[in-house]
Enquirer: 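This structure is in structure tokens; I'll ask about it shortly.
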Amino acid sequence: MIEIKNISKWYGAFKVLTGCSTKVDKGEVVVVCGPSGSGKSTLIKCVNGLEPFQEGEILVRGVAVGAASTDLPKLRSKIGMVFQNFELFPHMNVTDNISLGQIKVLERSKEEAVDRALALLKRVGLQEHALKYPGQLSGGQQQRVAIARALAMDPIAMLFDEPTSALDPEMINEVLDVMVELATEGMTMMVVTHEMGFARKVAHRVIFMDKGEIVEDAKKEDFFGQPRSDRAQQFLSKILHH
Amino acid sequence: MFSGFDFDVIARAQPYLWQGMLFSLGLTLLSMLGGIFLGTLLALMRLSDHKALNIPAGSYVNLLRSMPLILVIFWFYFLVPIAIKKLTGDAYAQGIGPFYSALIAFTMFEAAYYCEIIRAGIQSVPRGQVHAAYALGLTYGQAMTRVVLPQAFRNMVPILLTQGIILFQDTSLVYVVGLTDFMGAASKVAQRDGRLVEMYMFAALIYFLFCFSASYFVRRMQVRYSVSS
């Protein structure tokens, strides 16, 4: 479904991604981890063209993300994305946040969009907050709304960019629970996270990045059993034993 | 101590002064709306990655901000009719008249200042908001009008209004092309009745009351906005 072929990216003279290649099949959950500054967030933002890249190719269901002829808004509307800082629109209430894309991009009627928004809010357990503004919600609630907003577009795949990193510890689980549920339903997911518990539970594959390179790309069982690289082993020992 | 003064002159000239005030307010409002609209377009051009858009917009802003306002007014009043004559070859072609000259001059002049305010306002909206809008599949235009500009304007309202107050004071310059705003009306009455002290004191008082209460209102609003966000 998502094919990343030999991607390289520079910020000026600084190379942030070096020849990254991997793929995510339909229904697969791939967790991307690595130390900060390793390029994992940049890589995931290349998948829906939020970050441009200079070399290589990314195909989403066969459509090249970087090609000039690609209808990028249309392609993005099929890939849900959830951000580290939620990025709900603060000037709209929760329902409008979830309806905006449905109405403007999918051209659903207002009623249809609101119905869908309410159904999704119920699903993430926030139906009673439908008319609140993002500023009135806790971080965990905001992130669940953000997931609902992405799901409202009926995406073929979901990208998560450190969805729990900005959350207080007691709120992490409510967000992870929603994500686990999605994963078990067969959603195709690419998740940048340090939550190894989540990876153990639902990931099919784990990618380890360091200094802009994909160092390890292994099945979950292999990755947690015996990472092949020293760097991955060091990283795991740091985040698992503290 | 005011025995030598005749404050009744103000009451007698009241309808004329009121007309002048309406003109000042009308010109301020129209130039503000025009300036904000044009300024928004200029700001979007300046923020664009395309050189063909950001260089002309940047040059426009720098040029206009280097000019005294009075020169811009003269430009539109005296030079534009000459240009029209040259371009159309019609020696009897009329200019656009003092009112439209002034309105266009103010709009274009203010647009340069509004552009810089709005540009800062757009940049104050976090990049992640733009990413979130794009990630939903919104186009550039939709992301701007639905997500970025509403937030930018909300942050900018106090500064935009403050600029409007400055503009209100600046509209007194229209006397140079023979228009009668509030200041012009006060001035004409003062000259006609030989009551310079009374009229100019009255004009100062009105400008002070108007601008001071407007700034007070803006400050109140600022506090309110910063609390709610």
Side-chain angles (χ1 to χ4, degrees), chain A residues 41-42 44-52 71-92 96-107 113 133-136 142-143 145-146 148-162 166, chain B residues 36-37 39-40 43-44 47-54 114 117-161 218 221-229:
Chain A
S41 284
T42 309
I44 202 173
K45 282 181 183 151
C46 286
V47 172
N48 63 352
L50 289 181
E51 291 280 359
D71 183 350
L72 209 45
K74 193 176 171 193
L75 182 111
R76 284 170 176 154
S77 72
K78 294 181 182 150
I79 308 171
M81 183 150 196
V82 175
F83 298 86
Q84 182 175 359
N85 293 310
F86 331 132
E87 303 300 353
L88 294 178
F89 307 131
H91 57 299
M92 295 177 196
D96 288 342
N97 261 281
I98 305 175
S99 306
L100 179 71
Q102 299 185 65
I103 294 168
K104 293 291 155 195
V105 180
L106 303 181
E107 295 178 343
Y133 282 80
Q136 298 169 285
Q142 289 190 54
Q143 195 62 298
V145 172
R149 177 175 71 177
L151 289 176
M153 304 297 287
D154 296 326
I156 56 169
M158 290 277 286
L159 307 174
F160 292 84
D161 182 14
E162 304 207 28
Chain B
I36 289 174
F37 178 74
T40 307
L44 292 174
L47 289 170
S48 157
D49 289 331
H50 297 287
K51 284 205 169 83
L53 292 174
N54 67 38
Y114 279 126
I117 295 172
I118 295 164
R119 184 167 69 129
I122 292 173
Q123 283 174 324
S124 75
V125 177
R127 182 112 197 95
Q129 288 283 306
V130 184
H131 276 171
Y134 283 161
L136 283 174
L138 297 184
T139 61
Y140 169 82
Q142 289 168 332
M144 276 296 156
T145 54
R146 300 287 159 176
V147 175
V148 178
L149 288 177
Q151 293 185 62
F153 274 106
R154 222 163 68 154
N155 297 341
M156 286 182 307
V157 166
I159 316 172
L160 290 176
L161 289 179
V218 171
M221 212 158 82
Q222 229 162 353
V223 172
R224 225 187 167 166
Y225 270 108
S226 55
V227 168
S228 71
S229 65

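Hydrogens, waters and symmetry mates play no part in the numbers below; they use all other heavy atoms, side chains included.
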Enquirer: With heavy-atom distances below 4.5 Å as the criterion, would you say the side chains of B:P150 and A:M92 are in contact?
Expert: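 A side-chain contact is absent here, since even the closest heavy-atom pair is not under 4.5 Å.
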Enquirer: Which atoms of A:I79 are under 4.5 Å from chain B, going by heavy atoms: the side chain, the backbone, both sets, or neither?
Expert: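 Just the backbone, heavy atoms under 4.5 Å.
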Enquirer: Atom CD1 in A:I103, atom CD in B:Q142: separation rounded to 0.5 Å?
Expert: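 Between atom CD1 of A:I103 and atom CD of B:Q142 there are 11.5 Å.
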Enquirer: Take A:K104 and B:R146 through the side-chain contact (heavy atoms from CB on, under 4.5 Å) test and state the conclusion after the steps.
Expert: CA-CA 10 Å; A:K104 293 291 155 195; B:R146 300 287 159 176; 3.2 Å; yes
Enquirer: To the nearest 0.5 angstrom, please state how far the CG atom of A:N48 sits from the CG atom of B:L136.
Expert: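 Going from the CG atom of A:N48 to the CG atom of B:L136 covers 10.5 Å.
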Enquirer: Could you tell me which portion of A:K78 (side chain, backbone, both or neither) has an atom closer than 4.5 angstrom to a non-hydrogen atom of chain B?
Expert: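 Interface part for A:K78: neither.
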Enquirer: Please flag which part of A:L88 lies under 4.5 Å from any non-hydrogen atom of chain B: side chain, backbone, both or neither.
Expert: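 Just the backbone, heavy atoms under 4.5 Å.
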Enquirer: Measure distances from A:N85 to the heavy atoms of chain B and classify the residue's part below 4.5 Å as side chain, backbone, both or neither.
Expert: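 Looking at A:N85, nothing touches chain B.
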Enquirer: Return the minimal non-hydrogen interatomic distance between A:F83 and B:A132, and the atom names on each side.
Expert: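 The answer is CE1-CA, 3.6 Å.
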Enquirer: Indicate the atoms forming the closest heavy-atom contact of B:Q129 with A:P90, along with that distance.
Expert: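 Closest pair (atom of B:Q129, atom of A:P90, distance): OE1-CD, 3.5 Å.
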Enquirer: Nearest 0.5 Å, what's the OG1-NZ distance between B:T139 and A:K74?
Expert: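 Spacing of OG1 (B:T139) from NZ (A:K74) equals 14.5 Å.
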